Amino acid sequence: MRNLNPIVMKFFIDTANLAQIKEAQDLGVLDGVTTNPSLMAKEVIKGQENILKHYVDICKIVSGDVSAEVISTDFDGIVKEGEALAKLHKQIVVKVPMIKEGVKAINYFTGKGIRTNCTLVFSAGQALLAAKAGATYVSPFIGRLDDVSTDGLRLIEDIRTIYDNYGFKTQILAASVRHPMHIINCAMLGADVATCPLSAITALLKHPLTDSGLAQFLADAKK
Ligand code: G3P
């Protein structure tokens, strides 16, 4: 019997675009947001102060966790940046890359009660390290693995097995999700969270038989 993390699967949106975050929030199924420096750059926000304000603006739209990524790669820099991000809002989760200094920083943040999302994870070994360091979330990038002919979903399965073997509380946050089948398969494999573009979330709605069935019902209702 698998020992799944006793929480429902969460949907996060993977964007820094306020309009898209609002649209997903209005759908009533959104549990949080993930951002990264590339997604922030797309929003063309000028100046550090405005970048920090943007994270707070995101927190005002959603009620769940909002990942904000550090750009330092040395321990002191990651800690300084992460502490500043965590102070912005109680919903902020500090996103830290899977590098040696990042693992040390995650361990430090865990000791301080600061929640973390370990990002750029591409192997089960990296996920094991993230959990050992106490990361709140681990982000395996399934789409980018698929892009290089490696099965991203297999990684989700392997991490689920490892975490369940030992009762690690780190939540598996499937990232680099590209389409609805990624979301469905992540749900079947027991990922705790999928962070998705808005298009992948809304694609879950669609089925041609729903459209034709509704058209028929509406036509019949007029008779
Ligand atoms: O936020 C990290 C991840 O979701 C990035 O996705 O599409 O750039 O591979 P992608």
Side-chain angles (χ1 to χ4, degrees), residues 9-21 23-25 29-45 51 54-55 57-59 61-62 64-73 78 81-82 85-86 91-99 102-103 105-106 115-124 126-127 129-130 135-156 159-160 170-187 189 191-204:
M9 187 194 191
K10 293 189 268 192
F11 277 13
F12 287 2
I13 188 166
D14 197 28
T15 184
N17 183 277
L18 299 181
Q20 288 190 16
I21 294 167
E23 188 177 336
Q25 174 66 20
V29 298
L30 194 66
D31 301 297
V33 178
T34 50
T35 65
N36 62 40
S38 307
L39 294 170
M40 290 294 281
K42 275 193 195 164
E43 302 310 309
V44 200
I45 307 154
I51 288 174
H54 197 80
Y55 288 131
D57 288 343
I58 294 173
C59 291
I61 299 174
V62 297
D65 291 346
V66 174
S67 286
E69 189 161 341
V70 299
I71 49 174
S72 299
T73 53
I78 294 172
E81 252 191 88
L85 288 169
Q91 287 165 240
I92 294 283
V93 173
V94 180
K95 205 169 176 186
V96 180
M98 170 40 75
I99 53 175
V103 171
I106 288 169
R115 294 175 309 137
T116 53
N117 174 355
C118 183
T119 189
L120 288 165
V121 165
F122 294 93
S123 75
Q126 290 178 324
L129 267 182
T136 313
Y137 296 101
V138 65
S139 286
F141 279 29
I142 60 175
R144 292 193 194 183
L145 280 170
D146 289 352
D147 289 344
V148 294
S149 309
T150 303
D151 189 352
L153 290 168
R154 175 65 198 264
L155 178 58
I156 300 291
I159 300 171
R160 181 78 278 157
T170 299
Q171 294 178 51
I172 303 171
L173 193 169
S176 189
V177 165
R178 302 276 167 79
H179 49 73
M181 280 314 294
H182 267 157
I183 304 177
I184 293 162
N185 284 315
C186 282
L189 293 170
D192 300 291
V193 191
T195 189
C196 323
L198 180 62
S199 59
I201 298 174
T202 54
L204 291 172

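Just follow the structure's listing: the first ligand is 1, and inside any ligand the first atom is 1. Note that the structure is a prediction, hence the values are computed from the model and not measured.
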Looking only at protein heavy atoms, which one is nearest to [atom], and what is the separation?
atom	result
atom 7 (O) of ligand 1	R178 NE, 3.3 Å
atom 2 (C) of ligand 1	F141 CZ, 3.2 Å
atom 6 (O) of ligand 1	S176 CA, 3.3 Å
atom 4 (O) of ligand 1	D14 OD2, 2.5 Å

Determine whether more than 12 heavy atoms belonging to other residues, nucleotides or ligands lie under 6.0 Å from atom CD of E23. no
Exactly one of V96, V93, V66, D65 clears side chain to side chain contact (heavy atoms under 4.5 Å, CB included) with N117, and that residue is V93
For [X], take its heavy atoms, then give the atoms of ligand 1 lying under 4.0 Å from any of them.
X	answer
K95	1 (O), 2 (C)
N36	1 (O), 2 (C), 5 (C)
R144	5 (C), 8 (O), 9 (O), 10 (P)

Do [X] and [Y] make a side-chain contact, defined as non-hydrogen atoms from C-beta onward lying under 4.5 Å apart?
X	Y	answer
K10	D192	no
I142	I156	yes
E69	E81	no

Separation between OH (Y137) and OG1 (T195), nearest 0.5 Å, reads 10.5 Å
